[in-house]
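Take a look at the structure below.
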Amino acid sequence: AMEAWYVGMRTMLLALAMMVLAWALGNVNAALGTGAYLVEQLSGTLAFEELSFDGEQYGAVRLDHQATIGDAPAGQIALTADGSRFGPAELSTFFRLAGSELALTSLVLRALGAEVDGNVTVDLDTTLMTGEVVMAVPSLDRAEAATGVALSGSADGRIILGTETLATLIHPVPMEL
């Protein structure tokens with residue numbers, strides 16, 4: 001289970017790095033007053049074939065983005081990977097950076113037959129997060145590739161992020177080991 005978490009986190013680092021770079025670029029633009037000289041819209045695609053990172057194969061990886069640059073950078077980002085030992089994975093979200101607050105809305109992560117949806121806001125000064133994330137795993141069978149343990153059953157859950165309530169599980173998670 002820890003290996004699956006580790007591999008999943010490595011996969012998410014590229015998208016997170018892009019959001020942090022957008023935040024940093026916004027701060028540099030504000031400090032230098034260069035916003036008037038930059039393009040207002042930024043969109044594009046970055047595609048890799050047969051990508052591997054730290055010995056882990058990811059196959060075809062594609063990053064699509066569309067952003068509006070200004071006082072509050074905002075846009076959409078989508079990351080897909082097809083070709084790893086875990087099967088296809090995708091992450092997409094709308095984002096908006098206002099000051100030190102990064103809002104991720106319509107956040108969707110699909111991997112190993114699981115789907116995670118939600119909205120999260122991160123205070124970049126304190127790294128505190130608020131929001132709600134819902135998880136649905138109709139079948140745990142595909143998790144064996146990541147965990148090395150034969151699993152069966154399904155899982156559903158909801159995580160509420162806030163200053164008082166860290167997590168709430170609303171459905172029991174039936175599992176067999």
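A donor and an acceptor atom, one from each side chain of Asn119 and Thr105, are nowhere located under 3.5 Å apart. A donor and an acceptor atom, one from each side chain of Gln41 and Thr68, are located under 3.5 Å apart.
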Output a table of donor-acceptor pairs, distance under 3.5 Å, between side-chain atoms of residues 95-102 and any protein atom two or more places apart or on a different chain; print 'none' if there are none.
| unit_1 | atom_1 | unit_2 | atom_2 | d |
| --- | --- | --- | --- | --- |
| Ser100 | OG | Asp125 | OD2 | 3.1 |

Report all side-chain donor-acceptor pairs from residues 106-116 shorter than 3.5 Å, counting only partners two or more places apart or in another chain.
| unit_1 | atom_1 | unit_2 | atom_2 | d |
| --- | --- | --- | --- | --- |
| Arg110 | NE | Glu115 | OE1 | 3.0 |
| Arg110 | NH1 | Glu90 | OE2 | 2.7 |

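Taking CG of Asp123 as the reference point, atom OG1 of Thr130 lies at 9.0 Å (rounded to 0.5 Å). From Ile77, atom CD1 reaches atom OG of Ser92 across 10.0 Å, with rounding to the nearest 0.5 Å. A distance of 5.0 Å separates CG in Leu42 from CD1 in Ile69, rounded to the nearest 0.5 Å.
The hydrophobic cluster containing Met135 also contains Val133, counting ILVMFWY residues as joined when their side-chain heavy atoms lie under 4.5 angstrom apart, directly or transitively. Both Phe48 and Leu63 sit in one connected hydrophobic cluster of ILVMFWY residues. Membership requires side-chain heavy atoms under 4.5 Å apart, directly or through other members. By the criterion of side-chain heavy atoms lying less than 4.5 angstrom apart, applied directly or through intervening Ile, Leu, Val, Met, Phe, Trp or Tyr residues, Tyr58 is grouped together with Leu46 in one hydrophobic cluster.
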- [ ] Before giving the answer on side chain to side chain contact (heavy atoms under 4.5 Å, CB included), spell out for Thr93 and Leu91 the whole-Å C-alpha distance, their side-chain angles and the decisive distance to 0.1 Å.
- [x] CA-CA 7 Å; Thr93 189; Leu91 166 73; 5.6 Å; no
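The heavy-atom pair separating Val122 from Met129 by the smallest distance is CG2-CG, 3.7 Å. Nearest approach of Leu140 to Ala155, heavy atoms of both residues: CD2-CB, 4.5 Å.
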